[in-house]
Amino acid sequence: GPIVAQSGAEYLFYAVILMGVVEIAMGLAGVGNLVRLVPASVEIGFANGLALVIGLSQLNSFKLPGREGHEHGHVPEVFKPF
């Protein structure tokens, strides 16, 4: 990512370790119990939205029959409304 390109890969290790320490501290503080305040419909909506984003990002991987190779950025006609 841009942070690794800017700062260098050696800082990535320290960032991962720091995030692990933060997660452990939040777990020991009981912050995970706040998840109970999120309604099930919000969780389902988030998961559905994430599924759409992942699915739509994969459209460039589809190939049409009868076409040679892979045209970058080509999307089959059936998916163009999305």
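Rounded to the nearest 0.5 Å, atoms CE (M19) and CD1 (I17) are 12.0 Å apart.
The hydrophobic cluster around L50 extends to F46, I54, counting ILVMFWY residues whose side-chain heavy atoms fall within less than 4.5 Å of a member.
Applying the side chain to side chain donor-acceptor pair (under 3.5 Å) test to pairs two or more places apart or on separate chains, none has a residue in residues 10-29.
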Identify all side-chain donor-acceptor contacts of residues 24-37 below 3.5 Å with residues at least two apart in sequence or on another chain.
from, atom 1, to, atom 2, distance (Å)
N33, OD1, R36, NH2, 3.0

